[in-house]
Amino acid sequence: MYHLSDRINNMSTSQTLAMAAKTRELKAEGKDIIGLSLGEPDFNTPDFIKDAAIQAINDDYNSYTPVDGYVELKDAIIQKFKRDNGLTYDRSQIVVSTGAKQSLANIAMVMLNPGDEVILPCPYWVSYAEIVKLAQGVPVEVPTSVESDFKMTPQQLEAAITPKTRMLWYSSPSNPSGMVYSKEELRALADVLVKHPDIIVVSDEIYEHINFIGGHASMAQFEDMYDRVVTVNGVSKAFAMTGWRIGYIGAPTEIARACNKMQGQITSGANCIAQRAVITALEAPVSKIQYMIDRFKSRKSLIIGLMSQIKGFAITEPEGAFYVFPDVSYFFGKTINGYEIKDATDFSMFLLERALVATVTGDAFGSPNCIRFSYAASESEIEEAMKRIKNAISEG
């Protein structure tokens with residue numbers, strides 16, 4: 001009856017959120033589902049951050065905020081960039097948004113014209129391609145594999161560039177693979193990009209602090225790339241603040257002003273209480289959240305150890321974030337206990353229905369041979385999930 005827009009009809013549903021919804025539905029039916037699909041820390045927001053939010057409420061913060069964020073928060077972000085990344089920004093280069101996802105959407109909407117190409121090394125975060133397409137851009141996927149640790153090479157980058165290339169988007173640490181680009185690897189990619197001065201880079205660093213190898217590197221650290229990089233970050237992952245919805249960018253001033261203009265017509269400024277709490281979060285030393293990072297590292301070792309015992313899972317050990325992204329193509333074309341598995345989506349559904357373990361198909365991330373496991377779950381849940389999967393597969 002209703003004539004919805006081509007824009008929404010052509011948009012894919014977020015597979016991570018869809019699987020989370022399916023998991024909730026099955027749990028409501030009484031199924032004992034272990035959810036390893038959603039990228040959300042299972043920790044509570046630290047008390048010192050919650051206390052700051054309570055204080056903001058008591059101080060009567062309740063009015064509209066500046067579109068690009070409170071000055072005090074922008075200053076905290078500037079100091080964070082300097083302290084953690086060696087990057088120097090001023091207030092005109094910072095825009096605070098309602099989550100890093102809005103930051104990315106702002107960038108796409110202000111930078112892309114119809115037909116502009118955006119290079120996306122695969123696997124990429126599920127929303128990248130849809131955000132690009134919403135802005136009438138064209139995603140250009142660059143495949144990687146478990147053998148290459150899911151990293152794009154300079155040669156692949158060079159081959160993907162055309163006269164229509166406008167941007168490169170990537171995340172490090174990566175969702176979904178957990179890989180981390182080293183400073184040397186980013187420099188090698190930058191050496192390609194300096195030959196193409198019109199290409200803008202979006203560096204998504206939301207998992208920056210969940211890094212098990214140390215030495216986080218930012219593309220904007222290179223002097224010859226600084227004016228061409230938009231650094232995206234936020235507090236959802238490392239600070240266990242997914243529901244607080246605060247993300248931010250450090251960008252060339254012209255791009256930041258354009259994002260501010262766009263945001264002013266879409267949402268205006270981000271939540272006032274959340275912003276005040278994030279000031280406290282970013283001003284705190286990273287040691288205040290180290291306990292969460294240590295737990296993620298321990299869980300990574302646990303799930304890798306157990307998964308390596310399951311025949312057919314080809315894995316590379318993640319270096320950051322809280323995901324494992326095994327290649328499961330070994331199972332394609334097989335029938336396990338009457339369940340035919342043609343691709344990663346089938347295998348993910350097999351694990352949900354037969355092992356009662358929720359994952360996300362790699363198709364959602366541009367890597368159709370893989371599935372994503374989130375180990376933002378308790379050790380007991382991880383152990384039980386791997387046991388169920390091993391048993392379900394052995395039934396075939």
Side-chain angles (χ1 to χ4, degrees), residues 6-7 10-16 100-101 103-177 179 181 185-206 219-220 225 228-232 249 251-252 255 259 325 327 343-345 360-370 372:
D6 292 341
R7 182 181 302 107
N10 293 331
M11 182 185 292
S12 299
T13 300
S14 168
Q15 291 297 307
T16 52
K101 184 178 284 189
S103 298
L104 292 165
N106 285 342
I107 295 162
M109 295 300 288
V110 307
M111 296 300 298
L112 297 176
N113 285 313
D116 285 344
E117 294 179 351
V118 178
I119 295 174
L120 302 179
C122 301
Y124 50 77
W125 182 50
V126 291
S127 291
Y128 285 175
E130 294 305 314
I131 289 172
V132 167
K133 288 188 284 187
L134 183 63
Q136 296 184 280
V138 179
V140 176
E141 298 183 349
V142 177
T144 66
S145 67
V146 67
E147 290 79 16
S148 65
D149 291 332
F150 298 112
K151 295 180 181 181
M152 178 179 65
T153 67
Q155 293 77 19
Q156 287 179 302
L157 174 58
E158 184 71 73
I161 294 173
T162 76
K164 294 183 178 181
T165 303
R166 177 66 166 148
M167 307 185 82
L168 162 67
W169 288 24
Y170 73 93
S171 63
S172 177
S174 166
N175 176 4
S177 72
M179 72 82 192
Y181 280 110
E185 289 165 335
L186 288 179
R187 180 66 258 178
L189 297 176
D191 288 341
V192 174
L193 293 167
V194 294
K195 297 183 290 184
H196 304 275
D198 293 331
I199 297 175
I200 301 299
V201 176
V202 171
S203 177
D204 181 349
E205 304 181 15
I206 192 75
M219 180 74 80
M225 288 299 299
R228 296 169 51 194
V229 177
V230 181
T231 304
V232 179
I249 64 171
I255 295 176
C259 288
F325 199 59
D327 184 309
D343 51 30
T345 299
V360 185
T361 174
D363 283 313
F365 305 97
S367 293
N369 287 341
C370 302
R372 190 190 76 174

Open item on the list: Ile249 vs Cys259, test: side chain to side chain contact (heavy atoms under 4.5 Å, CB included). Steps then yes/no.
Closed with: CA-CA 9 Å; Ile249 64 171; Cys259 288; 4.0 Å; yes
Should [X] and [Y] count as side-chain neighbours, where that means a heavy-atom distance under 4.5 Å?
| X | Y | answer |
| --- | --- | --- |
| Ile119 | Ile161 | yes |
| Ser367 | Phe325 | yes |
| Tyr170 | Ser203 | yes |
| Ile131 | Trp169 | yes |
| Met219 | Leu193 | yes |
| Leu168 | Pro121 | yes |
| Arg372 | Asn175 | yes |
| Pro139 | Tyr128 | no |

Would you say the side-chain atoms of [X] pair up with the backbone N or O of [Y], donor to acceptor, closer than 3.5 Å?
| X | Y | value |
| --- | --- | --- |
| Gln156 | Pro143 | yes |
| Arg7 | Leu134 | no |
| Ser172 | Tyr181 | yes |
| Glu117 | Lys164 | no |
| Asp149 | Lys151 | no |
| Thr144 | Cys122 | yes |

- [ ] Please say which of Ile199, Val118, Val140 ends up in a side chain to side chain contact (heavy atoms under 4.5 Å, CB included) with Thr165.
- [x]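 Passing option: Ile199.
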Nearest-0.5 Å distance, [atom1] of residue [X] to [atom2] of residue [Y]:
| X | Y | atom1 | atom2 | value |
| --- | --- | --- | --- | --- |
| Arg228 | Asp198 | CZ | CG | 8.0 Å |
| Glu130 | Leu104 | CD | CG | 13.5 Å |
| Ile206 | Asp204 | CD1 | CG | 6.5 Å |

Minimum heavy-atom distance [X]-[Y], with the two atoms named:
| X | Y | result |
| --- | --- | --- |
| Leu112 | Gly137 | CD1-CA, 4.3 Å |
| Met225 | Ala190 | CG-CB, 3.8 Å |
| Ser174 | Ser171 | CA-OG, 3.4 Å |
| Ala135 | Ala108 | CB-O, 3.6 Å |

- [ ] Could you please spell out the steps behind the side chain to side chain contact (heavy atoms under 4.5 Å, CB included) verdict for Ile107 and Met167?
- [x] CA-CA 10 Å; Ile107 295 162; Met167 307 185 82; 3.6 Å; yes
Task: Flag for Asn113-Arg166: side-chain donor and acceptor within less than 3.5 Å - done: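 Checked: Arg166/Asn113 side chains show no N/O donor-acceptor pair below 3.5 Å.
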